[in-house]
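Heads up, the thing below is written out as structure tokens.
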Amino acid sequence: MEKLLTKVLLDNATELFGQAVNENSVQFQKTKKEFKGDITLVTFPFVKLMKCSPAEAAQKIGDFLHNKVEHISGFNVVNGFLNLEIAPEYWVDQLRSIDQNERFGLQEADSKPTIMVEYSSPNTNKPLHLGHLRNIFLGYSVAEILKANGHKVVKTQIINDRGIHICKSMLAWERYSPLNERGERETPSNTGLKGDKLVGKYYVEFDKHFNQQAKEFISAWESGDFSSVSTDVENEFKRLSAAKEGKEDPKAIAGLDDKIKDLAKNQTEILKAAKDMLIKWEARDPAVYQLWTTMNGWVYKGFDQTYELMGVDFDKLYYESDTFLLGKDVVMEGLKKGVFYQREDGSVWIDLTSDGLDEKLVLRSDGTAVYMTQDIGTAIDRYKDFPDLDGIIYTVGNEQDYHFKVLFLILKKLGYTWADNCYHLSYGMVDLPTGKMKSREGTVVDADDLMLEVIDKARVMTEERGHIEGMTEEEREALYKMIGLGGLKYYLLKVDPKKRMMFNPEESIELNGNTGPFIQYAHARIQSLLSKAGDIGSFNTVVINEQEQELIKHLSAFPEVIEEAGKMYSPALIANYSFELVKLYNGFYQSIQILSEEDEQLRSFRLHLSKNVGKTINTAMKLIGISVPNRM
RNA sequence: GGUCGCGUAGCUCAGCUGGAUAGAGCAACUGCCUUCUAAGCAGUAGGUCACAGGUUCGAAUCCUGUCGCGAUCACCA
């Protein structure tokens, strides 16, 4: 309707305004609740052209549209705002066409270019935590939203399966894992621990010894004992300690203490051992490689379990161990082309100062790759893997904003025009009421624990309410899972992804208000209603009330919401839309009777309306990865 | 210190490509289940949109500055 009205105004601009007008000056908005009408035109932009007061302009345009456009049944003017009223029959027609469209809101599948969405990039030395949950749910949802917009989507994850951090877990496991009576070290099968948890446990174990060894160095140094370190280290320690003298600012002192700690850490035997292991790994040392394969295997099994519970999947997996060497030749080519430059020590850099950024290293002086090198190579590689790829979306926290800014800029400078289609889906960190999540302080919320907790909470609360008689044990378990995870996903996705958010454990398992279960409940009620109704018949002419009209109006907006959510990469728009829809429906549901309505036409209309609200809830929730029950 | 982001009700968040009297949920308080699922509905109360300027017919929204919070600025990943 809005498009139609805009077109009518533009087509008749000369007659109305005396000259052609820019499309941007035609501003429609939803009519505010307190005024009569459905759609409102802001008339201020036309006042000058028409050389009259806003009220007169509105009156004139209102008269014109009223006569010209079929469904405009009336209008009123308030403060220069033209509130247009749309005939109820128009909305009834809208409902009919929504009803006939099984894929309401969705664009034709695969009608738009292919987009890759990378939405998980776990390290294999630690289990997944709450931050990963936001990341993964967000990326999964955006992938689904893009599909709904007609894009072909390749879901992917990059698995960080190599590097010093993995070696740390490996080393600690070899050194500190107790042997059982059969002489075996701990494994997932002989401990019953999930593989990622077991490996994570040894990463923590490494850190413990690591810190202990560093501490020993520092106390030795503080007592003047430098017997086990080089004079360079000795001098550096003395320099840092001297710098601390006389400093008042606790932050500055803490910074220096950190540097001292790093210095000590670098001297530890255990870190050196881990580094040796990494070198052996890179040389494909059979024993190290074997250990690496085994332990990563445990982790993947653990991750798979977590992903399954989360209800997410991937079309293509990338492993860093396969890709970490990529990009070097591209850098060498870029060097020849003059995109990069080489310093005396042989390291390769790019100067981005003219773009307002810094100089950035892309190859170390020893010729090895850095993170950036790898990312350049990997991106190019992905376009080789998927020749019809149009863009890549990287779902990564906003702490890496700078990295991606640089990455895309480099790709562009290297001449890859598709760099413009790469997008960093940057999301804000998740905070806890107690502050930031810090692994060192043990305040990290484990993904598995959290999911089991919300499911358990859903169980307790569902049993309390007792709508589950007659359900099998399996059905009940599925329901608890649906509600618990629905609540958690909704909680994490309802806020704007770009924003830092607060995770309140209490609120995340709430069932009332703006929550997943609230929306699921509405769906269950609708299904219950429909199953009691039997044949829902058909309707021709009905007189609908304001609530019904508002509901249809809101339903009609669904396709645009999906489109907007796709453009903004924002599941939050879908969540908020759904919440509004359910609030409107609940108001309607509670204020009228449906099954006992005597007017057959009206009864049928209301059932159709309910059915389509249910259908839309289902579609919308699927887009944010949430399933909806028929009973709860 | 440079760069980027954020600051809206007691709490958590919408609204931000400028438009009417700034909206929800939670928490608090009032009502509503002999009637389709009360995980619901109706209502009351709660605001210097961090602060100060500027642009505009009109600013929570755009610009500048100040304050506060966060991130980032590695031959780490």
Side-chain angles (χ1 to χ4, degrees), chain A residues 24 27 29 31-35 40 42-45 47-48 54 78-81 83 121 123 160 162-165 320 324 343 345-349 356-358 360-372 374-375 397-403 405 426 428-429 431 433 436 458 461-462 464-467 483 487 491 494-496 498-504 506-508 510-522 524-533 572-573 575-576 579-580 582-583 585-597 606-607 610 631-632:
Chain A
N24 294 333
Q27 295 170 34
Q29 55 184 287
T31 302
K32 292 230 164 195
K33 269 189 239 132
E34 52 269 43
F35 304 107
T40 295
V42 183
T43 59
F44 293 101
V47 168
K48 272 182 194 158
V78 183
N79 298 332
F81 291 86
N83 302 320
S121 43
N123 286 354
N160 230 315
R162 63 161 285 278
I164 190 74
H165 48 288
E320 220 204 7
F324 79 108
R343 290 191 181 168
D345 60 5
S347 57
V348 181
W349 296 71
L357 304 171
D358 302 318
K360 193 85 190 169
L361 177 91
V362 290
L363 216 53
R364 293 195 187 98
S365 52
D366 62 5
T368 56
V370 289
Y371 195 46
M372 189 62 76
Q374 210 187 117
D375 270 5
N398 63 11
E399 62 212 347
Q400 295 202 35
D401 282 355
Y402 184 73
H403 173 79
K405 220 188 228 176
S426 161
M429 297 291 105
D431 289 327
K436 281 196 259 183
M461 296 176 118
T462 304
E464 263 174 29
R465 281 157 234 258
H467 294 299
I483 296 172
Y491 185 85
K494 72 177 172 183
V495 311
D496 183 343
K498 291 196 287 292
K499 290 195 176 169
R500 173 174 274 271
M501 72 173 290
M502 172 69 73
F503 182 85
N504 185 326
E506 303 285 311
E507 282 176 11
S508 71
E510 260 297 322
L511 307 175
N512 307 319
N514 190 1
T515 66
F518 173 85
I519 291 167
Q520 289 172 320
Y521 182 65
R525 282 211 298 205
I526 289 171
Q527 296 318 311
S528 162
L529 181 71
L530 290 172
S531 72
K532 282 188 181 149
L573 298 181
N576 289 337
F579 179 54
E580 285 301 322
V582 167
K583 270 199 294 186
Y585 182 79
N586 285 345
F588 155 78
Y589 176 90
Q590 209 102 205
S591 68
I592 45 93
Q593 284 296 310
I594 298 176
L595 293 181
S596 57
E597 172 58 51
R606 286 175 177 167
L607 285 165
S610 300
R631 288 180 60 188
M632 70 183 273

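Proteins come first, then strands; the chains are lettered A, B, ... in the order of their sequence lines, and each starts at number 1. This is a predicted model, so every value here is computed, not measured.
Residues A/G356 and A/I594 both approach RNA chain B. Their nearest nucleotides, taken by heavy-atom distance, put A/G356 toward the 5′ side. Of the residues near RNA chain B, A/Q29 and A/Y589, the one whose nearest nucleotide (by heavy atom distance) lies more toward the 5' end is A/Q29.
Nucleic acid contact class of A/V42 (heavy atoms, under 4.0 Å, all strands): base. Base engagement by A/N83 is indicated by at least one non-hydrogen atom pair under 4.0 Å involving a base atom. Within the 4.0 angstrom heavy-atom criterion, base atoms lie near A/I483. Note on A/I592: a base of the nucleic acid sits closer than 4.0 angstrom, heavy atoms only. Using a 4.0 Å heavy-atom criterion, one finds that A/E34 contacts no nucleic acid atom at all. Within the nucleic acid shown, A/M461 has no heavy atom closer than 4.0 Å to any nucleic acid atom. Nucleic acid contact for A/T462: base, since at least one base atom lies under 4.0 Å from a heavy atom of the residue. Across all strands shown, A/R465 has heavy atoms under 4.0 Å from base atoms, whether or not it also approaches the sugar-phosphate. Among the atoms of the strands shown, only primed sugar atoms or phosphate atoms (P, OP1, OP2) are found under 4.0 Å from some heavy atom of A/D496. Across all strands, A/T40 comes closer than 4.0 Å to base atoms (heavy-atom distances). When heavy atoms are screened at a 4.0 angstrom cut-off, A/N504 is found touching no nucleic acid atom at all.
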Quiz item: When every nucleotide of nucleotides 24-30 of chain B is labelled 5' to 3' by its protein contacts under 4.0 Å (heavy atoms), B for base, S for sugar-phosphate only, - for none, what sequence of letters results?
Solution: SSS----
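B/rG46 is unpaired under the Watson-Crick or G-U wobble criterion, no partner having all donor-acceptor distances under 3.5 Å. In this structure B/rA20 sits in no base pair that meets the Watson-Crick or G-U test at under 3.5 Å. With a cut-off of 3.5 Å on both Watson-Crick or G-U wobble distances, the partner of B/rC33 is given as none. B/rU56 is unpaired under the criterion used here, namely a Watson-Crick or G-U wobble arrangement in which both key atom distances are under 3.5 Å. Here B/rA14 sits opposite no nucleotide as a Watson-Crick or G-U wobble pair (both hydrogen-bonding atom distances under 3.5 Å). The pairing partner recorded for B/rG68 is B/rC6, the criterion being a Watson-Crick or G-U wobble arrangement whose two distances lie under 3.5 angstrom.
The gap from the P atom of B/rA24 to that of B/rU44 amounts to 10 Å, rounded to the nearest Å. If you take atom C1' in B/rU30 and the same atom in B/rA45, they sit 11 Å apart, rounded to whole Å. Using atom P as the reference point in both B/rC62 and B/rG1, the two lie 26 Å apart (nearest Å). Taking the C1' atoms as reference points, B/rG15 lies 8 Å from B/rA22, given to the whole Å. If you take atom C1' in B/rC13 and the same atom in B/rU8, they sit 10 Å apart, rounded to whole Å. Comparing the P positions of B/rC11 and B/rA27 gives an interatomic distance of 16 Å, to the nearest angstrom. Nucleotides B/rG70 and B/rU12 place their P atoms 15 Å apart, quoted to the nearest Å. Between B/rU55 and B/rU21, the two P atoms lie 22 Å apart (nearest whole Å).
Comparing atom distances between the A/N576 side chain and each of B/rC41, B/rU72, B/rA14 picks out B/rA14 as nearest. In this structure, of B/rU12, B/rA39, B/rA71, it is B/rA39 that holds the atom nearest to the side chain of A/M632. Comparing atom distances between the A/A524 side chain and each of B/rU37, B/rG40, B/rC13 picks out B/rU37 as nearest. The listed nucleotides are B/rG40, B/rG70, B/rC4; the one nearest the side chain of A/R500 is B/rG70.
Atom CG in A/N160 sits roughly 16 Å away from atom P in B/rC76 (whole-Å rounding). Atom CZ of A/F35 and atom P of B/rA20 are 9 Å apart (whole Å). The distance between atom CE of A/M372 and atom C1' of B/rC73, rounded to the nearest whole Å, is 12 Å. Between the CD atom of A/Q520 and the P atom of B/rG40 there is a distance of 12 Å, given to the nearest Å. Distance CG (A/N398) to C1' (B/rA71): 6 Å, rounded to an integer number of Å. In this structure, A/K360 places its NZ atom 13 Å from C1' of B/rU3, rounding to the nearest Å. Atom C1' of nucleotide B/rA14 and atom NZ of A/K32 are separated by 13 Å, given to the nearest angstrom. Atom CD in A/Q593 sits about 6 Å away from atom C1' in B/rC36, given to the nearest Å.
Between A/Y371 and the phosphate of B/rA77, there is no side-chain N or O to OP1/OP2 separation shorter than 4.0 Å. Using a 4.0 Å cut-off, some side-chain N or O of A/R525 falls inside it from OP1 or OP2 of B/rA38. OP1 or OP2 of B/rC76 lies within a sub-4.0 Å distance of a side-chain N or O belonging to A/R364. Distances shorter than 4.0 Å separate none of the side-chain N or O atoms of A/K532 from OP1 or OP2 on B/rC36. Applying the 4.0 Å criterion to OP1 and OP2 of B/rU37, one finds that A/S528 has a side-chain N or O inside that range. The phosphate of B/rG7 has OP1 or OP2 within less than 4.0 Å of a side-chain N or O from A/K499. For B/rA39, the OP1/OP2 oxygens have a side-chain nitrogen or oxygen of A/H467 closer than 4.0 Å.
Ring orientation note: the planes of A/Y521 and A/H467 are tilted relative to one another, at an angle of 30° to 60°.
Counted within 6.0 Å of CD on A/E34, heavy atoms from surrounding residues, nucleotides or ligands total more than 12; the atom is thus considered enclosed.
Side-chain contact between A/F81 and A/T31 is absent, with no heavy-atom pair separated by less than 4.5 Å. Put simply, the side chain of A/V495 does not reach to within 4.5 Å of the side chain of A/M502, judged on heavy atoms. Within the 4.5 Å cutoff, the side chain of A/S610 has no heavy atoms near those of the A/Y589 side chain. Side-chain contact check for A/F518 versus A/K583: some heavy-atom pair is nearer than 4.5 Å. A/H403 places a side-chain heavy atom less than 4.5 Å from the side chain of A/D375. Between A/R631 and A/Q527, the closest side-chain pair of non-hydrogen atoms is not below 4.5 Å. Looking at heavy atoms from C-beta onward, A/K498 lies out of side-chain contact with A/S426 at the 4.5 angstrom threshold.
Looking only at atom types and distance, the side chain of A/R500 has no donor-acceptor partner in the side chain of A/N398 under 3.5 Å away. A/S347 and A/R343 share no side-chain donor-acceptor pair at under 3.5 Å.
Not counting sequence neighbours, A/Y371 has no partner by the side chain to side chain donor-acceptor pair (under 3.5 Å) test.
The base of B/rU72 has none of its N or O atoms less than 3.5 Å from a complementary donor or acceptor on the side chain of A/E399.
A syn base is found at B/rC33: its glycosidic angle is within 90° of 0.
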